[in-house]
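We use all heavy atoms of the structure for the numbers below, so side chains are in, but hydrogens, waters and symmetry mates are not. Note that this is a predicted model, so its numbers are computed, not measured.
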Amino acid sequence: MAEKIAVINGRMIVPDNPIIPFIEGDGTGPDIWKAARRVADAAVEKSYGGGRAIEWKEILAGEKAHRMTGEWLPAATLDAIREHVVAIKGPLTTPIGGGFRSLNVTIRQELDLYACIRPVKWIKGVPCPVTRPESLDIVIYRENTEDIYAGIEWESGSAGAEKVRAFLAFEMACDIPEGAGIGIKYISRPASERLMRKALNFAVEAGRRAVTIVHKGNIMKYTEGSFATWCYDLARKEFADKIVTENEIAGTGKRPDGKILVNDRIADNMLQQLLLRSGEYDILIAPNLNGDYLSDAAAAQVGGLGMAPGANIGDFMAVFEATHGTAPKYAGQDKVNPGSLILSAVMMLEYMGWREAAGLIRDGLERTVSQKTVTYDLARGMEGAREVRTSKFADAIVANM
């Protein structure tokens, strides 16, 4: 009988037959979800011989939810994720410059999924624009609730914008031109600390060697600069016996065995570092906007968002997701690459403690790509590739497990 994942006495308890809610997504979402589900189910069956299985529970968001309920994100969907702890989703439509608020952002903020976690590692054979993609193996921790994701802004010419502009001009001596659109960016100590804590806990558990704080504190001293300060403070306070800072080893440059190096880099420099010295970095932690840029830029180095997994995780609750858009022009064509959602399912299985099934999927995917059996987006960059449809790509992964 299927059961819900539970959190008891500060521990996540995963039954052998968990109920996992899913949102298939908009545009190409249904195509890639079918592929990811097939691969995940096959991996679980092959790993545990029927001793474990996932019971999938569909929940609604996006265009399908709007058609069926008149709402873009029904309250029942959020309630189901809270109730079942772990969920997975395809891409959802987000309008630009108007319309409803991003559903992805709303889900993250309503459920307090404060850490956007994006591992970036090359799968051998995937075409990419750099000469040594294998040197990049990082995990990005991006703050998910503050900075630009707070969504506090006023449109140019609106009464709200003028009221804020007048206050800033007369009360705070800020020179803001009339007619400007205005947004507020804030970063707090509690949000910064809990993200750093999560990144350092992962570094300890996974045996990672370094955590790099990425910020623009040279310019935004009291938001991003404070983010860096608070991250360092948390590391020294709660992980003193496990970390060493870059300043502490200045001169030798040698990290003591068994210690995690904590350092920081300015955001624009970090984008260059990823290209020129990618092998020196391990875990990156950043405020929202910097983390967004870094995640996509790093993914480009190993083949693009089509092969980039992601998760949004709180203290226990987690939603795993495709990191790319909906690509509506390809909807229903069984054409696009399901790699992002498949690798997000790998993250989900690892999070549940089902590492055997996760490893089977990763191995099957790597073998399939090495055989040059790929979807169109990868095929166009591979000499001698055999281009297949989304569903056939999933079949090949299963066969290669």
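Side-chain N or O atoms of Q272 include none that pairs as donor or acceptor with a backbone N or O of N269 at under 3.5 Å. Side-chain atoms of N263 never come within 3.5 Å of backbone atoms of E246 as a donor-acceptor pair (strictly under, hydrogens ignored). Side chain of T77 to backbone of A61: no donor-acceptor contact under 3.5 angstrom is found. At least one donor-acceptor pair under 3.5 Å links the side chain of R255 to the backbone N or O of K259. Between the side chain of D334 and the backbone N or O of R389, no donor-acceptor pair lies under 3.5 Å. Using modelled atom types, no side-chain atom of Q109 and backbone atom of N104 make a donor-acceptor pair closer than 3.5 Å. Judged purely by atom type and a 3.5 angstrom limit, R142 uses its side chain to pair as donor or acceptor with the backbone of N288. Put simply, the side chain of R67 never gets that close to the backbone of G62: no donor and acceptor are under 3.5 Å apart. E143 places no side-chain N or O within 3.5 Å of a backbone atom of L195 that could act as its donor or acceptor partner. Side chain of S47 to backbone of A357: a donor-acceptor contact under 3.5 angstrom is found.
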Let me check something: any side-chain donor-acceptor pairs from residues 151-159 under 3.5 Å, sequence neighbours excluded? List them with distances.
{"from": "S156", "atom 1": "OG", "to": "G179", "atom 2": "O", "distance (Å)": "2.4"}
{"from": "S158", "atom 1": "OG", "to": "E155", "atom 2": "O", "distance (Å)": "2.7"}
{"from": "S158", "atom 1": "OG", "to": "A161", "atom 2": "N", "distance (Å)": "3.1"}

Only pairs under 3.5 Å count here: list side-chain donor-acceptor contacts from residues 121-138, not counting sequence neighbours, and write none if there are none.
{"from": "W122", "atom 1": "NE1", "to": "V126", "atom 2": "O", "distance (Å)": "2.9"}
{"from": "S135", "atom 1": "OG", "to": "R132", "atom 2": "O", "distance (Å)": "2.9"}
{"from": "S135", "atom 1": "OG", "to": "S278", "atom 2": "OG", "distance (Å)": "2.6"}

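Taking all atoms of both residues into account, the shortest heavy-atom contact from R208 to I260 is O-CG1, 3.6 Å. Smallest separation of non-hydrogen atoms from I243 and A235: CG1-O, 3.9 Å. Here the shortest heavy-atom pairing between V374 and V369 reads CG1-CA, 4.2 Å.
Put simply, OG1 on T212 and CG on L261 are 7.0 Å apart, with the number rounded to the nearest 0.5 Å. Residue L274 holds its CG atom at 12.0 Å from CZ of R277, rounded to the nearest 0.5 Å. Here the CG-OG1 distance, from D395 to T373, works out to 11.5 Å after rounding to the nearest 0.5 Å. Atom CD1 of I23 and atom CD1 of I59 lie 4.0 Å apart (nearest 0.5 Å). Here CD1 of I266 is found 4.0 Å from CG of N218. Values are rounded to the nearest 0.5 Å. For the atom pair T69 OG1 and E71 CD, the distance stands at 5.0 Å (nearest 0.5 Å).
Residue pairs meeting the salt bridge (charged side-chain N to carboxylate O under 4.0 Å, His left out) criterion with at least one partner in residues 18-28, sequence neighbours excluded, are E24-K64. For residues 316-333, the set of pairs meeting the salt bridge (charged side-chain N to carboxylate O under 4.0 Å, His left out) definition, not counting sequence neighbours, comprises K89-E321, R108-E321.
Partners of W33 by ring pair (Phe, Tyr, Trp, His ring centres under 6.0 Å), not counting sequence neighbours, listed by chain and number: F22, W56. The side chain to side chain contact (heavy atoms under 4.5 Å, CB included) test applied to E178 returns R165, not counting sequence neighbours. Considering only residues two or more places apart in sequence or on other chains, T323 meets the side chain to side chain contact (heavy atoms under 4.5 Å, CB included) condition with R118, L305, A308, S340. L289 meets the side chain to side chain contact (heavy atoms under 4.5 Å, CB included) test with D147, I148, Y293; sequence neighbours excluded. For E238, the side chain to side chain contact (heavy atoms under 4.5 Å, CB included) criterion is met by R197, L234, not counting sequence neighbours. Applying the side-chain hydrogen bond (donor to acceptor under 3.5 Å, both in side chains) test to E387 and every residue at least two apart in sequence or in another chain returns nothing. Applying the side-chain hydrogen bond (donor to acceptor under 3.5 Å, both in side chains) test to Q371 and every residue at least two apart in sequence or in another chain returns N400. Not counting sequence neighbours, D315 has no partner by the salt bridge (charged side-chain N to carboxylate O under 4.0 Å, His left out) test.
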Test log, rule side-chain contact (heavy atoms from CB on, under 4.5 Å), inputs L275 and Q301: CA-CA 8 Å; L275 285 167; Q301 290 182 223; 3.7 Å; yes

Residue pair H66, L60: steps toward the side-chain contact (heavy atoms from CB on, under 4.5 Å) verdict: CA-CA 9 Å; H66 194 253; L60 300 176; over 6 Å; no

Candidate pair Y281 and Q273, rule side chain to side chain donor-acceptor pair (under 3.5 Å), full reasoning: CA-CA 9 Å; Y281 296 94; Q273 295 281 313; 2.7 Å; yes

Stepwise side chain to side chain donor-acceptor pair (under 3.5 Å) test for E356 and Y48: CA-CA 8 Å; E356 300 85 357; Y48 309 115; 2.6 Å; yes

Pair D377-T375, side chain to side chain donor-acceptor pair (under 3.5 Å): steps then yes or no: CA-CA 6 Å; D377 59 312; T375 50; 2.7 Å; yes

Residues V319, L113; criterion side-chain contact (heavy atoms from CB on, under 4.5 Å); working and verdict: CA-CA 8 Å; V319 176; L113 306 175; 3.6 Å; yes

Audit row: L78, L111, side-chain contact (heavy atoms from CB on, under 4.5 Å) steps and yes/no: CA-CA 7 Å; L78 297 173; L111 300 176; 4.1 Å; yes

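In summary, E350 and R362 engage in a salt bridge, as defined by a charged side-chain N under 4.0 Å from a carboxylate O. A salt bridge does not link D112 to R82: none of the charged nitrogens lies less than 4.0 Å from a carboxylate oxygen.
Side-chain contact annotation: D31 with T390, donor-acceptor N/O pair under 3.5 Å absent. In this structure, a donor-acceptor pair under 3.5 Å is present between the side chains of H215 and D264. Side-chain contact, N290 with E224: a donor N or O sits under 3.5 Å from an acceptor N or O.
At least one side-chain heavy atom of I32 sits less than 4.5 Å from a side-chain heavy atom of V336.
Aromatic ring centroids of Y330 and Y376 lie under 6.0 Å apart.
Atom NZ of K198 sits in a crowded spot, with more than 12 heavy atoms from other residues, nucleotides or ligands closer than 6.0 Å.
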